[in-house]
There are 2 protein chains.
Amino acid sequence: MPTRRGDLFDPVCPTRLLLDRIGGKWTSMLVKTLADDGGEVRFAELQRRARGVSRKMLTQTLRDLEHDGLVARRVEATVPPAVHYSLTPLGHSLVGPLDALRDWAETNMPVVDRNRRRRLRR
Amino acid sequence: MPTRRGDLFDPVCPTRLLLDRIGGKWTSMLVKTLADDGGEVRFAELQRRARGVSRKMLTQTLRDLEHDGLVARRVEATVPPAVHYSLTPLGHSLVGPLDALRDWAETNMPVVDRNRRRRLRR
DNA sequence: CGGCATCCCCCACGATACTG
DNA sequence: CAGTATCGTGGGGGATGCCG
């Protein structure tokens, strides 16, 4: 078996791959948006809810999620086209673990002064 | 209350801050190493266990973890110095949620062919 | 031994413009 | 409406060297 369970030190270990995904700037909020809705959400609606995301990053993030089987994409061939996104069952199964992280963060993450963005740096 | 629970769309929401941390290349494996050990681990030992980490990134990651109260640093003022790292209680409390993520990843993360590193890119 | 300082590279991400 | 194409940039992260 190529992937030993728990071997975070393997550069291609599943945990690292997952963290690469949900570590993306928009991934977690998109998953949460789709999870909260429960059904299908259109592209423009997603962009409206994820305040600040560019169309490029929205597309790219959704493509990655789709590639990993977390998100389903359905196209209505109308003019203009309507594209609907939703969580797959696999996607829904990730919501639990993600919520656990979120709960931990909201309870324990120290409140940061807005001036030092990101790291402390210097 | 400044941080609304569940507002992933707030740029400084706790979840995003947490993901910035554990999204780091070495963070999760360091936390896991310290968690598995249970006690104190020396700098050189950490570097040995986290195969591939440079001293610079090891120091930087540990500093960030320390800053967030997840890791404790203890210096023995001998020559040469001996520095010991361990998880704080707060750090230990993160292990559960992190393990949940890890379990999900190992069960559900699609096996990736080693050729396409990171995204699909093109 | 542990850890800054420095230099450099690369890629995630943003802004903008064009298209079916 | 829902994308692609292109360009530019910030900062995460690697390599190396010096230092107390």
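Per chain, numbering begins at 1; letters A, B, ... match sequence-line order. Both backbone and side-chain heavy atoms feed into the values below; hydrogens, waters and symmetry mates do not.
Atom-to-atom, CZ of R74(A) to C1' of dC1(D) comes out at 15 Å; the value is rounded to the nearest Å. Separating the CG atom of L62(B) from the P atom of dG13(D) is a distance of 14 Å, rounded to the nearest angstrom. A straight line from CG of D20(A) to C1' of dG12(D) spans 13 Å, rounded to a whole angstrom.
Closest non-hydrogen pair, V71(B) versus T88(B), comes out as C-CG2, 3.7 Å.
DNA chain D is contacted by P80(A), P81(A), A82(A), V83(A), Y85(A) of residues 76-86 of chain A, taking any non-hydrogen atom closer than 4.0 Å. Residues from residues 37-48 of chain A that place a heavy atom under 4.0 Å from any atom of DNA chain D, listed by number: R42(A), F43(A), A44(A).
Contacts classified as salt bridge (Lys or Arg N to Asp or Glu O under 4.0 Å) and involving residues 77-101 of chain A (residues at least two apart or in different chains) are given here: D99(A)-R102(A). Evaluation of the salt bridge (Lys or Arg N to Asp or Glu O under 4.0 Å) test over residues 88-97 of chain B, restricted to residues two or more places apart or in two chains, returns none.
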Could I get a table of every N or O pair under 3.5 Å where one atom is in the protein and the other is in nucleotides 14-19 of chain D?
residue	atom	partner	partner atom	Å
dG14(D)	OP1	K25(B)	NZ	2.7
dG14(D)	OP2	W26(B)	NE1	3.2
dG14(D)	N7	K56(B)	NZ	3.4
dG14(D)	O6	K56(B)	NZ	2.4

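At dA2(D), none of the side-chain N or O atoms of R63(A) fall inside 4.0 Å of OP1 or OP2 (strictly under the cut-off). A sub-4.0 Å separation between OP1 or OP2 of dG3(C) and a side-chain N or O of R73(B) is present.
Here the side chains of E66(B) and R63(B) are in contact, with some heavy-atom distance below 4.5 Å. Side-chain contact between L101(B) and L19(A) is present, with heavy atoms from C-beta onward closer than 4.5 Å.
Every salt bridge (Lys or Arg N to Asp or Glu O under 4.0 Å) that E45(B) has, sequence neighbours left out, goes to R48(B), R49(B). For S93(B), the side chain to side chain donor-acceptor pair (under 3.5 Å) partners two or more places apart in sequence, or in a different chain, are W104(A). Contacts of D36(A) classified as side-chain contact (heavy atoms from CB on, under 4.5 Å), with partners at least two apart in sequence or in another chain: K32(A). Not a single side chain to side chain donor-acceptor pair (under 3.5 Å) links R55(B) to another residue, sequence neighbours left out.
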Kindly list each side-chain donor-acceptor pair under 3.5 angstrom involving residues 78-86 of chain B, sequence neighbours excluded, with atom names and distances?
residue	atom	partner	partner atom	Å
T78(B)	OG1	P80(B)	O	2.9
H84(B)	NE2	E76(B)	OE2	2.8
Y85(B)	OH	R73(B)	NE	3.2

